[in-house]
Engineer: 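This structure is in structure tokens; I'll ask about it shortly.
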Protein chains: 2
Amino acid sequence: MLCYIHLYILKKSGSLIKDYFIFVGKLMKYCKVNFTFMDVNSYMDGKEQLERVRERVIETIAKNMNLYGITDSIGRLYGMLYFHNQPMTLDEMKEELGMSKTSMSTSVRTLMDLKMVEKVWKKGTRKDLYLAEEDWHQTFIDFFSIKWRTGISMNIAAMTKSIIELERLEKSEEIDEEVRSAAKVDITKMKAALSYYEWLNRLVDSFESEEIFDFIPKNKEEL
Amino acid sequence: MLCYIHLYILKKSGSLIKDYFIFVGKLMKYCKVNFTFMDVNSYMDGKEQLERVRERVIETIAKNMNLYGITDSIGRLYGMLYFHNQPMTLDEMKEELGMSKTSMSTSVRTLMDLKMVEKVWKKGTRKDLYLAEEDWHQTFIDFFSIKWRTGISMNIAAMTKSIIELERLEKSEEIDEEVRSAAKVDITKMKAALSYYEWLNRLVDSFESEEIFDFIPKNKEEL
DNA sequence: AACTTTGTACAGTAAAAACTGAACGTACTG
DNA sequence: CAGTACGTTCAGTTTTTACTGTACAAAGTT
């Protein structure tokens, strides 16, 4: 009997290759085995290869977004939407990622809050359609503006209030010298912090006004 | 019988105030109650007040760092170190924050990795001493350099590799038109992404070289 | 009006992360 | 050389977060 066995082995998985050799070893006890090593790519048709490249890139994008405090799942959803050139419905996403519709709903909302995805309207369908924001420079700007602004202003408020309180304390005559000098040091530190937050605010201003691109142009060639 | 009851009520906790009135209501059934509302601050001595201000600010700092993906505990540790003007040992931190020494050890290491805390050496003690980095501009720069660089270069590598693969696929004559045009679109998207990562890299360059401060000066008055 | 279709709230579950205490290794001390 | 003082590793526990399925509300369709 003649029998062909084709084994596709993923390069990255060393253990799989080991298992494959063990398996072939067992096989050789019972059969006559001929080996042929071939480039897997030549077996894959274009569509399959395209799919594989996409998935790798999506995974990289997700891993990167993870760095910014975004879940892997949400990152993968964004990556998927980025390469899916049509707007997608929740059900399609669910199908594509094999997750629950609830998850898709909340994830897509998170992405909308970050302005990384927008809802689009299309005649004839009752389903909501979502499209990935393609301009990553814009995404970057929105992301940090949204994330930082609130934090900055809250911190500035807290610092300002605290400085005022400590200055009152420092001027008070009822406290002992030790506390007074400690207050002085704290005031200095808080003023330094305040100055930093004001700087950060101006940095975010330059993001929002896109003036940052005058300083760091989008394309290397410019300037 | 004459009895004084002093209740210190925290402003921020609405529920506490409600509970207080319920309690007083019950009390009035059995006793004659006189109210006196006083400013809590006048009861606190300077040291206490200083402590309270510090804690509030530390909490704000922690909450802010949380935004950048740093745990509350680690944020609080940093904030505490920032206001503690001497270098601290692990045991002192443990004592101050009421956490385990193990936690202090790992947290302080995280902060060291982010260059937010440095180990200092002092003659006569065998314990490790840690000091908070005070320049937040510097902290900002280090934080993003450390966090972003790896991610960026990994992404650039992945994108570059994928673009090459897709370009080979696109030129191949064996694939059908549909796949070819899809590959073309993907290549465009990946090139756009690549361009973004290069931009981000240049932005981080400007952080590390401190050229960013030419564009956004540390002090508002400059320029 | 009843029946669909669609998105989301909510409660429960699974998975991940933070935190701890005991045990261990290393380096200093007598 | 024991004996002690530190910091860290590791296994186990608690807390938090992510995810799912059911139930429900809103809007559309018959």
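Since we're looking at a predicted model, the values are computed, not measured. Chain letters run A, B, ... following the sequence lines, proteins first, then strands; residues in each count from 1.
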Engineer: Is it the case that the base of C/dG21 and the side chain of B/T102 share a donor-acceptor contact (distance under 3.5 Å, atom types as modelled)?
Structural biologist: yes

Engineer: With respect to the phosphate group of C/dT8, does any side-chain polar atom (N or O) of A/S105 fall under 4.0 Å of OP1 or OP2?
Structural biologist: yes

Engineer: How many Å lie between CG on A/L90 and P on C/dA9, as a whole number?
Structural biologist: 12 Å

Engineer: Please check if any side-chain donor atom of A/N155 sits under 3.5 Å from a side-chain acceptor atom of B/K63, or the reverse.
Structural biologist: no

Engineer: So B/E177 and B/R180, salt bridge (charged side-chain N to carboxylate O under 4.0 Å, His left out) or not? Walk me through it.
Structural biologist: CA-CA 5 Å; B/E177 278 315 305; B/R180 193 189 308 280; 3.1 Å; yes

Engineer: Are the aromatic rings of A/W136 and A/Y82 close, with centres under 6.0 Å apart?
Structural biologist: yes

Engineer: Whole-Å distance between C/dT26 C1' and B/K127 NZ?
Structural biologist: 17 Å

Engineer: Strictly below 4.0 Å, N to O, side chains only: are A/R76 and A/D72 in salt-bridge contact?
Structural biologist: yes

Engineer: Taking N or O atoms only and anything under 3.5 Å, show me the protein contacts with nucleotides 28-30 of chain C, one pair per line.
Structural biologist:
none

Engineer: Would you indicate which nucleotide in D/dG21, C/dC19, D/dG7 comes nearest to any side-chain atom of B/K101?
Structural biologist: D/dG7

Engineer: Atom pairs under 3.5 Å, N or O on each side, protein against nucleotides 15-18 of chain C: can you list them with distances?
Structural biologist:
residue	atom	partner	partner atom	Å
C/dA18	OP1	B/T71	OG1	3.4

Engineer: Please state how far atom CE in A/M65 lies from atom P in D/dA18, giving the value in whole angstrom units.
Structural biologist: 14 Å

Engineer: Through what angle, rounded to 10 degrees, does the axis of the helix from C/dA1-D/dT30 to C/dG30-D/dC1 turn between its ends, using five pairs per end?
Structural biologist: 0°

Engineer: Does the gap between the ring centers of A/W148 and B/Y68 come in under 6.0 Å?
Structural biologist: yes

Engineer: Round to the nearest Å and state the distance from A/L97 atom CG to D/dT20 atom C1'.
Structural biologist: 15 Å

Engineer: Report yes if at least one side-chain N or O of A/S103 is closer than 4.0 Å to OP1 or OP2 of D/dT20; otherwise report no.
Structural biologist: yes

Engineer: May I ask you to evaluate whether A/R109 reaches the phosphate of C/dA9, defined as a side-chain N or O under 4.0 Å from OP1 or OP2?
Structural biologist: yes

Engineer: B/D128 has an atom CG; how far is it from atom P of D/dA5, in whole Å?
Structural biologist: 16 Å

Engineer: Would you indicate whether B/E167, at its atom CD, is surrounded by more than 12 heavy atoms from other residues, nucleotides or ligands within a distance under 6.0 Å?
Structural biologist: yes

Engineer: D/dT8 P sits how many Å from B/M104 CE, rounded?
Structural biologist: 13 Å

Engineer: For A/K147, does the NZ atom have more than 12 heavy-atom neighbours from other residues, nucleotides or ligands under 6.0 Å away?
Structural biologist: yes

Engineer: Can you classify the ring geometry of A/H137 versus A/F213 as parallel (below 30°), tilted (30 to 60°) or perpendicular (above 60°)?
Structural biologist: perpendicular

Engineer: Whole angstroms only, please: what is the CE-P distance between B/M93 and C/dT20?
Structural biologist: 15 Å

Engineer: Would you call A/K189-B/E134 a salt bridge at under 4.0 Å N-O?
Structural biologist: yes

Engineer: Check the distance between D/dT15's P and B/D72's CG and give it to me in whole angstrom.
Structural biologist: 16 Å

Engineer: Less than 4.0 Å between a side-chain N and a carboxylate O, is that true for A/D205 and A/R149?
Structural biologist: yes

Engineer: Quick check on B/E95: does its CD atom have over 12 non-hydrogen neighbours (other residues, nucleotides or ligands) under 6.0 Å away?
Structural biologist: no

Engineer: Does A/K127 pair with A/E92 as a salt bridge, N-O distance under 4.0 Å?
Structural biologist: no

